[in-house]
Amino acid sequence: MENVFMNPSGHSRFCWENLGDIKAGRGDLGEEMPVLVYRLMQFTMLDVLAREFGQDKANDIIRAAGHLAGMEFAKNTQDLTAGFDAFVANLQQTLQQLKVGILRMEAFHPETGEIVLTVGQDLDCSGLPITNETVCDYDEGFIAGILEAYTGKAYQVREIDCWASGDRVCRFRGAVAT
């Protein structure tokens, strides 16, 4: 039996279709689940990766997974041909509908591509204890992937404010990677 997550050369081949028919498979339970279960998966995975490879490498891996997810998410849920304002409005609506968070655009500089945005009630961290650190590495990658899918340019995104650092929204700054 073929592993749907690997191609013949042994490399990952994740694609949107690998997510399956969730409605058919979870007929009685439905498509939603508590944030607790999502965080349990993400935080235990991060813990194991950090023990195996060190915290910095674990964060890089989680960020890369977020990037892949963001690229696929944008390609499969967004109109990548829409004008910027329409794209952002649709993205805001989709993220809120899926209960990922409440996206707000703070700044966008069309000449440079630099962007600053916030995500309120963030799936990854809202409600975490304050540890004076930013923890949304997956979100950094996810946002970078979305921006790359839309613009065709690689982005580097970093969280500059986080619930875990004492803020009540997560703020991200993105720039075209050089």
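When reading the values below, keep in mind they use all heavy atoms of this one structure, side chains included, and skip hydrogens, waters and symmetry mates. Along the sequence shown, residues carry numbers from 1. Everything quoted here is computed from the prediction, not taken from an experiment.
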Solution key, residues 114-125 side-chain donor-acceptor pairs under 3.5 Å, sequence neighbours excluded:
from : atom 1 : to   : atom 2 : distance (Å)
D122 : OD2    : D124 : N      : 2.9
D122 : OD2    : C125 : N      : 3.3
D124 : OD1    : Y38  : OH     : 2.7

Output side-chain donor-acceptor pairs under 3.5 Å for residues 23-34, partner residues at least two apart or in another chain, one line each.
from : atom 1 : to  : atom 2 : distance (Å)
R26  : NE     : G30 : O      : 2.8
R26  : NH2    : G30 : O      : 3.4
E32  : OE1    : K99 : NZ     : 3.3

Partner set under side-chain hydrogen bond (donor to acceptor under 3.5 Å, both in side chains) for T131, not counting sequence neighbours: E133
Distance (rounded to the nearest 0.5 Å) between Q96 CD and L91 CG: 11.5 Å
Separation of N132 CG from C162 SG (nearest 0.5 Å): 10.5 Å
Interatomic spacing from CD in Q93 to CD in Q78 - rounded to 0.5 Å: 9.0 Å
Result for side-chain contact (heavy atoms from CB on, under 4.5 Å) between D167 and one of D161, T134, I160 points to D161
Is it true that E159 and R171 have a side-chain N and a carboxylate O under 4.0 angstrom from each other? no
H67 side chain reached by F142 side chain, heavy atoms, under 4.5 Å: no
Using 30° and 60° as the class boundaries, would you call the ring planes of F108 and F84 parallel, tilted or perpendicular? parallel
Quick one, L19 and W16 - any side-chain contact, counting heavy atoms below 4.5 Å? yes
At their closest point, which heavy atom of A58 faces which heavy atom of L46, and how far apart are they? CB-CD1, 3.8 Å
Does the pair D60/R63 count as a salt bridge with the N-to-O cut at 4.0 Å? yes
Just so I know, are the side chains of Y138 and Q42 near enough to count as touching, which here means a heavy-atom distance under 4.5 Å? yes
State the CG-OG1 distance between L98 and T94, to the nearest 0.5 angstrom. 6.5 Å
Locate the shortest heavy-atom distance separating A82 from F87; write the atom from each residue and the value. CB-N, 4.0 Å
